[in-house]
Trainee: 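After the structure tokens below, expect a handful of questions from me.
These values consider heavy atoms only, across backbone and side chains, with no hydrogens, waters or symmetry-generated copies. Please read all numbers here as calculations on a predicted model, not as lab measurements.
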Amino acid sequence: MGKEASSSFIEDYWQNLKEGIMNYKHKVQYYETDMMGITHHSNYVRWMEEARIEFMKDFGWDYSLNDEFGISAPVISSSCEYKKTTTFGDVIEIEVLVEEYNSVRLKFLYFMYNAKGDVVCIGRTTHCFLSKEGRIIIIKKVLPSLEETLLKIYSLSKETISKR
């Protein structure tokens with residue numbers, strides 16, 4: 001599975017997250033704004049993807065799994081709750097958590113913050129796992145090391161979410 005995520009790395013990462021260090025930042029670009037000068041709503045979904053890819057890469061799961069093991073995790077649903085507007089030049093910090101996981105489906109929860117620490121958006125994406133033939137797969141049967149990592153991340157995420 002490429003680099004395996006060590007337990008101490010995961011613990012350190014989540015300790016940092018609990019202390020308020022976000023794992024991904026995005027600077028709003030001019031082309032992401034609309035005629036009113038605010039960020040177009042469609043961009044938040046793209047930012048969730050950027051943050052999710054970096055988040056999973058930190059735990060040793062990057063998109064090379066698609067080639068190496070023939071596993072994909074397509075988005076089967078996404079949603080956003082827009083709380084405050086953002087504009088060109090704003091730096092958005094995105095916290096990614098695993099809200100649900102059951103070996104077949106994986107649901108991410110995203111909190112996006114502006115520089116003042118205000119929540120600007122809360123998003124969610126749900127994914128399933130597919131073989132290269134497009135069949136649903138059960139991760140614990142196909143790639144037990146990924147299952148172990150996802151269960152650990154999910155456990156730590158649940159702990160963090162329950163404190164909110």
Trainee: Between E147 and K141, does any side-chain N to carboxylate O distance fall below 4.0 Å?
Mentor: no
Trainee: Quick one: do R46 and E49 make a salt bridge, cutoff under 4.0 Å?
Mentor: no
Trainee: Work out which heavy atom in V119 is nearest to a heavy atom in K83; give both atom names and the distance.
Mentor: O-CB, 3.3 Å
Trainee: Please find the pair of heavy atoms, one from R52 and one from V75, that lie closest to each other, and give the distance.
Mentor: NH2-CG2, 3.9 Å
Trainee: Start with the C-alpha gap between V28 and T87, add the side-chain angles, then the distance that decides, and say whether side-chain contact (heavy atoms from CB on, under 4.5 Å) holds.
Mentor: CA-CA 7 Å; V28 179; T87 58; over 6 Å; no
Trainee: Examine L143 and L130 and state if one hydrophobic cluster contains both, with Ile, Leu, Val, Met, Phe, Trp and Tyr joined whenever side-chain heavy atoms are less than 4.5 Å apart.
Mentor: no
Trainee: Between C121 and C80, which heavy-atom pair has the shortest distance, and what is it?
Mentor: SG-CB, 3.9 Å
Trainee: Nearest heavy-atom pair of F129 and I71: which atoms, and what distance?
Mentor: CD2-CG2, 4.3 Å
Trainee: Is any side-chain heavy atom of I94 less than 4.5 Å from a side-chain heavy atom of F111?
Mentor: no
Trainee: Would you say the side-chain atoms of T39 pair up with the backbone N or O of T86, donor to acceptor, closer than 3.5 Å?
Mentor: yes
Trainee: If the plane angle is over 60° it's perpendicular, under 30° parallel, otherwise tilted; pick one for F108 and Y110.
Mentor: tilted
Trainee: Mind checking whether L109 and R124 have side chains closer than 4.5 Å, heavy atoms only?
Mentor: yes
Trainee: Measuring from F55:CZ to E50:CD, what's the distance to the nearest 0.5 Å?
Mentor: 16.0 Å
Trainee: Pick one: which of H40, H41, H26 meets ring-ring contact (aromatic ring centres under 6.0 Å, His included) with W47?
Mentor: H26
Trainee: Starting at CE of M56, measure out to CD1 of I153 and round the result to the nearest 0.5 Å.
Mentor: 4.5 Å
Trainee: Could you state the interatomic distance from OG1 (T85) to CG (D90), rounded to the nearest 0.5 Å?
Mentor: 8.0 Å
Trainee: Any chance you could measure D34, atom CG, to N43, atom CG, to the nearest 0.5 Å?
Mentor: 9.5 Å
Trainee: Crowded around R105 CZ? As in, over 12 foreign heavy atoms under 6.0 Å?
Mentor: no
Trainee: State yes or no: do M48 and I38 share one hydrophobic cluster built from I, L, V, M, F, W and Y residues joined by side-chain heavy-atom distances below 4.5 Å, directly or via other members?
Mentor: no
Trainee: I'd like to know if the side chain of E100 and the backbone of V98 have a donor-acceptor N/O pair within less than 3.5 Å.
Mentor: no
Trainee: Using 0.5 Å steps for rounding, measure from the NZ atom of K84 to the CG atom of N114.
Mentor: 7.0 Å
Trainee: So how far is it from M112 CE to Y82 OH, rounded to the nearest 0.5 Å?
Mentor: 8.0 Å
Trainee: Taking a hydrophobic cluster as the set of Ile, Leu, Val, Met, Phe, Trp and Tyr residues connected by side-chain heavy atoms closer than 4.5 Å, whether directly or through intermediates, do L97 and I122 fall within one such cluster?
Mentor: yes
Trainee: Does S131 reach the main-chain N or O of E133 with its side chain, forming a donor-acceptor pair under 3.5 Å?
Mentor: yes
